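Since this is a predicted model, take the numbers as computed values, not measurements. One is the number of the first residue; the rest follow in order along the sequence.
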Amino acid sequence: MPADGASHPELDHEQEYVAMLYRHLDALRDYAKTRLTRVLRESGGTPQARSERESFTQMYTEDLAKYDAAEHGLCFGRIDVREDSTDNDNDNDNNDATDHDDADGERLDSRYIGRIGILDEDNDYESLLLDWRAPQARPFYLATPATPDGVVLRRHIRSRGRSVTALNDEYLDLDAAREHSDTPAAGGVAGESALLSALNAARTGQMHDIVATIQAQQDAIIRSEHRSVLVVQGGPGTGKTAVALHRAAYLLYTYRKQLAKSGVLIIGPNSTFLDYIGQVLPSLGETGVLLSTIGDMYPGVKATLDDTREAGEIKGSSAMIDILKKAVRDRQEVPASPVTLSFDTYRLTLDRKSVTRARGRARSSRRPHNLARPIFVSAVIEALADQLASIIGTDLVNGGNLLSRDDIDDIRSEMRADREIVSAIDALWPELTPQQVLTDLLGSRERLASAAPGLSDDQIDALYRPHGGGRFSAADAPLLDEIAELLGVDDAAERERASRRWRRQIADAQGALDILTGSAPQDLEDDLDPELLMAYDLIDASQLAERQDHRRHETTAERAAGDRTWTYGHVIVDEAQELSEMAWRALMRRIPNRWMTLVGDTAQTGDPAGSSSWQEVLEPYVANRWKKAELTVNYRTPAEIMRVAHAVLSEIDPEQIPPESVRESGYEPWARPVGADMLAEAVLEALDEESGPGTTAVLVPPRLVREWAHLASPSVTVAAVKDVKGLEFDSVLLVEPAEILSDSPRGMNDLYVALTRATQRLGVLYTTELPRVLEGLAAPVAS
């Protein structure tokens, strides 16, 4: 099989070396399986022993996942470095077995680069394969002929399964390059052949890692040591998402101990996007990262409703902070007229004055609503008890005894348990949940008008949702999070419930052991074989209950997903420009150390509540302690399409420079007018004419998504522009661009996004006048 720029002996040599690496990988996998099986068979022991078993179980499980993920493309590169430039700080990174001499007799160190690191345990733990994230692997991504950093040769190793299929060599040393004049030296793009091969490959509907083709500009961002907010600004196709995911893998490798406990959160724009990127981190050996959208970030709530554009814009505005505060305060009521209560044959009255005094005392504590409620309850009970004491004291004035302090305390205790009194207090200051507050608020025009006097009638109508049924939209999740802060959580009750739950589990476990013990044959009781082990000889009730408690075996990501107050070690946000002011507030609560990576492009902001300025977004949280890095090379979108998209970008921001495409596809984008009654037929014809491999996206105005859903297939996606943020397709068929342009105040941004989803081909169908910015599109060439 031919090797790109390499002889057959070289291909055979690399095949032999890669086969050896796979033998080591198999040995590591077998060892992890054996150890995991042994650990799972063990039982009993001290609490420390049980804790150690859990740790080993998690470690070996993660190791197996890492080895399985590394199976494909285990080794993808090699660099030959002059020995005098080798970093000798870590002898384990140098492998005498791969040292060799060049034509001039100079000693070279060959370093193989792969998805994980592999050491030779039989040979002083010498490095057989460097993890791509290791410092000594970095020249593979950074070396150029101008700054070779001691690298003489960079070799890209391409494989299918466990077989090496091709090699691509770049000689970075000028003398070596002249000796191998038939092999092109690297220019500005590292691994150009391997990179273009990856870029031109047909899409499969799932994102792949770029670990073998990371470029120097991308590598600098992936390995950045900035410990506050790093903003990665980049136009379409610059690899922002890939860089963010590889940065997550790099940080988990470099700061494993810190981030393994606190976790990494990745926020994406929609669930389709999360499905698209879902395999990238596992392929890089990382399985403990939580992926979520803003709409699904609130535990126990999934976004299933869609907001109108106006409702989403209002909900995303910081004006909602005061609206939600007022909505909660509106639930702290004072009776319009006195409330009469019956208690132990006496009639008591809750009047405005006593309730107002109790409310004032609770509010002055400055505690959240639910945490201030006990203060309100105590104040009301105190007022009622004093009232009762006054009544009883009057009744007993002719010879009776006045109530003692203990009597008053007993009365207060009884009142706290009295159903009528409790019901009256609940009506005045109820214990609330965020879901309850938001559902009630959006389901009542009166509550909306009271909480938001500044909103117009049209805006209230936009927010009004009378039949929510406990369901929420993506824009509701940050509101629920805000309300949760306003309500607070009195976890004393939850701790007591957890304690009761644990006692029940122990009781159930003991019951199970008793049943097992009781099922032993009766004739064994008097003459029991001492070597016959019963259930209680192997495990006690607490150990059995612990094994049945699945929460003790959850990963960091699983525990974090169910805990609203969880704080992460690092947060990555893709399409960060789409986040509203309220979404930023919810997100920042989860990252108090403010160590974040934000990737996005303000020219692609489509959400009316989104942002057009990183400074405006970040200044309230980190002042000027943030850094912006830019990606300027477009790896996805071919030059032919970017020439069309440039006209749109100029309308959005004339100052912004479009990313430079690294390639041309050979396909000219086209536009075709059709009659209004022939639009669906024209789409079908265009799909039939699409002869190229890979995936196709039919991007339409929102009103057509459901109507044309029948056109979708494993290779064809029918969607509105907002649902393909961050995705890419081999071909894009854009329908009715004028309607997309007029459908939103940021229609030009949506049009820019739509044009730049294609990696190869772009076609436009329209029934109304083509927007001026697309007038450069040519008619399709007949095949």
Between Leu265 and Leu587, does a side chain to side chain contact (heavy atoms under 4.5 Å, CB included) hold up when you go through it step by step?
CA-CA 10 Å; Leu265 171 66; Leu587 191 62; 4.1 Å; yes
Can you tell whether the side chains of [X] and [Y] come within less than 4.0 Å, N to carboxylate O?
| X | Y | value |
| --- | --- | --- |
| Glu286 | Arg247 | no |
| Lys722 | Asp750 | no |
| Glu313 | Arg309 | yes |
| Arg559 | Asp563 | no |
| Glu651 | Arg772 | yes |
| Arg761 | Glu640 | no |

What distance separates [X] [atom1] from [Y] [atom2], expressed to the nearest 0.5 Å?
| X | Y | atom1 | atom2 | result |
| --- | --- | --- | --- | --- |
| Leu704 | Leu699 | CG | CG | 12.0 Å |
| Asp574 | Thr293 | CG | OG1 | 12.5 Å |
| Leu441 | Arg331 | CG | CZ | 9.0 Å |
| Glu728 | Thr637 | CD | OG1 | 8.5 Å |
| Thr695 | Arg757 | OG1 | CZ | 12.0 Å |
| Ser661 | Met642 | OG | CE | 5.5 Å |

Quick one: do Val698 and Val735 satisfy side chain to side chain contact (heavy atoms under 4.5 Å, CB included)? Show the steps, please.
CA-CA 7 Å; Val698 181; Val735 179; 4.1 Å; yes
Main-chain N/O of Met320 paired to Lys315 side chain as donor or acceptor, under 3.5 Å
no
Just by distance, do the side chain of Glu736 and the backbone of Thr767 share a donor-acceptor pair under 3.5 Å?
yes
Picking from Leu765, Leu762, Val764, Leu777, what satisfies side chain to side chain contact (heavy atoms under 4.5 Å, CB included) with Trp670?
Leu765
So, Glu446 versus Ser444: side-chain donor-acceptor pair below 3.5 Å or not?
yes
Does the side chain of Ser473 come under 3.5 Å of the side chain of Asp476 through a donor N or O and an acceptor N or O?
yes
Do Arg590's NZ or CZ and the ring of Tyr568 fall within the cation-pi criteria of under 6.0 Å and 45°?
no
Lys NZ or Arg CZ of Arg445 over Tyr464 ring: under 6.0 Å, within 45°:
yes
